[in-house]
Number of protein chains: 2
Amino acid sequence: MNTRSSDRGASSARGPAGVVVIELSAAIVTVTDESPKILLVRPPDMAPRAGLPYGPFDPTGHRTLEEGLRTWVQEQTDLHLGYVEQLYTFGDRFRDPQERAGGPRPVSVGYLALVRQTALKDAGESSWGDWYRYFPWEDWRDGAPTIIDSLIAPRMAKWTDDAKTKPDRNRRRERVNLAFAFAGGSWDNERVLDRYELLYEAGLVFEATLDARLEVASDLTSVHGHTGAALTKDHRRILATAMGRLRAKIKYRPVIFELMAPTFTLFQLQRAVEALSGGRLHKQNFRRLVAHEGLVEPTGHISSQTGGRPAELFRFRREVVHERPAPGLRVPVKVSKRTG
Amino acid sequence: MNTRSSDRGASSARGPAGVVVIELSAAIVTVTDESPKILLVRPPDMAPRAGLPYGPFDPTGHRTLEEGLRTWVQEQTDLHLGYVEQLYTFGDRFRDPQERAGGPRPVSVGYLALVRQTALKDAGESSWGDWYRYFPWEDWRDGAPTIIDSLIAPRMAKWTDDAKTKPDRNRRRERVNLAFAFAGGSWDNERVLDRYELLYEAGLVFEATLDARLEVASDLTSVHGHTGAALTKDHRRILATAMGRLRAKIKYRPVIFELMAPTFTLFQLQRAVEALSGGRLHKQNFRRLVAHEGLVEPTGHISSQTGGRPAELFRFRREVVHERPAPGLRVPVKVSKRTG
DNA sequence: GAAACTTATACTTAAAATGAGCATATATAG
DNA sequence: CTATATATGCTCATTTTAAGTATAAGTTTC
């Protein structure tokens with residue numbers, strides 16, 4: 001106890017210690033009318049799967065972590081980032097298969113960045129993809145995704161039963177029920193990471209087959225075609241973190257406007273929120289909410305691109321951040337009850 | 001553009017890269033009836049100031065970052081951590097003076113940990129201190145802290161004026177007004193980090209004098225005795241992050257119960273929330289809220305330690321996490337208006 | 001042991017926010 | 001003109017919230 005100077009392996013408490021390489025990765029999000037998109041870079045050379053833009057942190061060249069990230073993104077995608085927010089730092093052993101092959105221990109700092117759709121241009125090696133391609137079970141806009149009842153529920157039930165001890169089984173059941181709202185609970189659209197991690201641990205997503213710690217049963221490889229597209233390294237995990245964070249954040253900070261054009265109709269705004277949240281909103285109440293929170297102000301101009309009655313164009317009211325402590329779209333996301 | 005293989009200094013995009021040492025630091029929080037406390041370790045040997053428990057991440061010994069942290073804390077403080085949550089990863093250049101002296105570039109991953117007051121025991125080199133000792137301007141339980149009007153307001157106004165360009169001045173004014181609620185806004189008790197960073201940039205906290213990038217005017221050193229106690233390295237910044245995160249989190253997750261004894265009176269619960277939030281709550285409404293959210297259930301037992309009418313003892317209802325999406329104490333923290 | 005004080009808890013009331021929907025306006029497509 | 005799409009104003013019942021009043025049941029003081 002209190003052996004501050006004790007040695008553990010190669011490192012002593014505050015002396016020289018193990019050395020690692022830090023990767024900076026960015027989930028860069030934009031949104032077109034109906035679809036939230038993330039920027040992916042083509043697999044370089046050997047790598048089989050696409051991934052997020054990333055690069056190593058350079059302690060001599062980069063003044064801050066965030067500056068390092070901005071530099072890499074600019075170099076790799078020719079994109080200048082506006083809003084950037086740090087998400088999480090991952091450092092689990094053996095989630096990157098290259099590590100087993102003698103590679104260095106990767107520690108990756110994930111970031112969320114938001115850019116307007118005007119910035120949307122597929123530069124050479126990068127392209128935009130709908131984020132639900134990687135998380136099909138997260139899109140509840142047209143009701144409960146069928147994959148949940150048809151595939152996820154039974155497989156997760158089996159995984160729960162497979163636990164060796166009874167307390168272990170109970171823990172698994174608890175986690176599964178909470179994350180997927182199986183036991184009568186309600187779907188929490190922010191628990192994106194919880195759900196991905198469960199699917200990973202149960203071997204239901206492709207990346208799990210590369211994890212040295214997991215034994216993925218061979219009959220599970222057939223499901224990987226249905227549980228979304230895989231990304232390189234732990235990039236799908238970072239993306240899950242980004243989705244959860246963004247879904248939470250739009251409720252109490254006006255970040256949604258980082259994704260909108262300078263002027264927009266209220267319905268466009270609603271569609272953007274729905275795209276990110278993965279659920280539907282009550283139209284009349286949404287506009288009342290937006291107006292009442294003072295988040296937008298009318299421009300006086302009219303859009304006739306609506307396909308129906310023309311809509312008034314609004315702009316973001318920047319002053320709102322001074323008026324209320326947590327200005328955001330505290331939207332009650334309607335998520336139609338799962339069938340069954 | 002798209003020069004993925006371009007060299008920047010010593011590192012190329014995905015080749016060998018700069019190497020850093022990762023520090024794992026923990027803000028370990030507990031709460032006694034009226035005071036939120038954090039665990040500090042005595043300055044070891046040369047270091048002049050106390051700091052949080054920390055140690056380097058060992059990529060060969062530690063399976064995950066969090067496991068590394070738990071190991072170091074256990075070794076240094078003999079404390080077993082329950083609830084642990086990652087906060088943020090800091091990597092700014094020159095915030096640690098040792099770096100100028102040729103030391104390695106520090107990257108520190110900060111954590112928040114919660115322990116019950118029963119775990120409260122001063123082990124040899126570690127001790128518990130009220131967190132408002134380091135942030136006197138954050139405690140609004142007895143009204144607005146006088147230091148805000150007497151010292152912070154005028155000094156921050158001066159700092160704002162000192163900006164060289166007009167847009168810079170505007171940016172500073174905006175940040176200051178938002179963080180300290182000067183321009184009629186309301187005090188947001190979660191913006192702890194924003195406020196600390198502003199005081200730091202303005203040279204009003206001691207740590208700023210050690211920053212190679214800042215020129216702290218000599219007349220400012222006299223204020224450092226009033227702007228809270230300093231900690232080593234960037235540990236006060238990590239603590240600020242922890243405070244802000246915890247104040248936010250009690251509103252939508254039942255983390256407060258990580259700090260309570262197994263049974264407690266509703267007033268004890270209220271005092272704990274007030275201690276963390278730095279404001280007062282309406283007693284009758286608080287108990288209605290807690291009951292209505294289903295966060296607690298009566299035990300049937302009575303506490304006679306109240307000093308008045310005996311109170312019923314309650315316990316945390318764990319089932320609540322299954323019943324509602326974001327169970328927490330969505331408390332409206334009363335923060336008496338600043339005088340003037 | 002009565003008065004003063006402390007804390008606990010039940011209940012009231014007005015205002016505000018919320019959830020769901022009806023009704024009407026103004027476009028386009030055919 | 002009709003059908004259909006979106007836009008927008010408004011109602012209404014319900015719930016939530018903020019801020020009390022009122023009363024209960026102990027301890028402390030003298």
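Chain identifiers are assigned alphabetically (A, B, ...) following the order of the sequence lines, protein sequences preceding nucleic acid strands; residue numbering begins at 1 within each chain.
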Quiz item: Between B:Gln268 and A:Gly307, who's closer to the 5' end of DNA chain C by nearest nucleotide?
Solution: B:Gln268
What is the separation between atom [atom1] on [X] and atom [atom2] on [N], rounded to the nearest whole Å?
X	N	atom1	atom2	result
B:Phe286	C:dA8	CZ	P	12 Å
B:Arg271	C:dT6	CZ	P	12 Å
B:Leu329	D:dT17	CG	P	12 Å
A:Leu289	C:dT18	CG	C1'	10 Å
B:Asn285	C:dT9	CG	P	15 Å
B:His282	C:dA14	NE2	C1'	14 Å
B:Ile302	D:dT27	CD1	P	13 Å
A:Arg324	C:dA16	CZ	C1'	12 Å

Does [X] make a side-chain donor-acceptor contact with the base of [N], cut-off 3.5 Å?
X	N	answer
A:Arg288	C:dA17	no
B:Gln284	D:dT21	yes
B:Arg309	D:dA25	no
A:Arg287	D:dG9	no

Quiz item: Would you call B:Arg195 and B:Glu138 a salt bridge, taking side-chain N to carboxylate O under 4.0 Å as the test?
Solution: yes
Practice problem: May I ask you to decide whether A:Glu197 forms a salt bridge with A:Arg175, counting only side-chain N to carboxylate O separations under 4.0 Å? | Solution: no
Practice problem: Flag the pair B:Trp137 / B:Leu151 as yes when at least one side-chain heavy-atom distance between them is below 4.5 Å, and no otherwise. | Solution: no
Quiz item: Taking the six-membered ring for Trp, is the centroid-to-centroid distance between A:Phe286 and A:Phe267 below 6.0 Å?
Solution: no
Quiz item: For DNA chain D, whose closest nucleotide is more 5', that of A:Gly308 or that of A:Leu266?
Solution: A:Gly308
Quiz item: OP1 or OP2 of D:dA7 sitting under 4.0 Å from any side-chain N/O of A:Lys283?
Solution: yes
Exercise. Taking only the side-chain nitrogens and oxygens of B:His292, find out if one of them lies under 4.0 Å from OP1 or OP2 of D:dT16.
Key: yes
Quiz item: Would the number of heavy atoms belonging to other residues, nucleotides or ligands and lying under 6.0 Å from CZ of A:Arg330 be above 12?
Solution: yes
Quiz item: Taking the side chain of B:Glu312 as heavy atoms from C-beta outward, which of C:dT9, C:dA20, C:dA27 is closest to it?
Solution: C:dT9
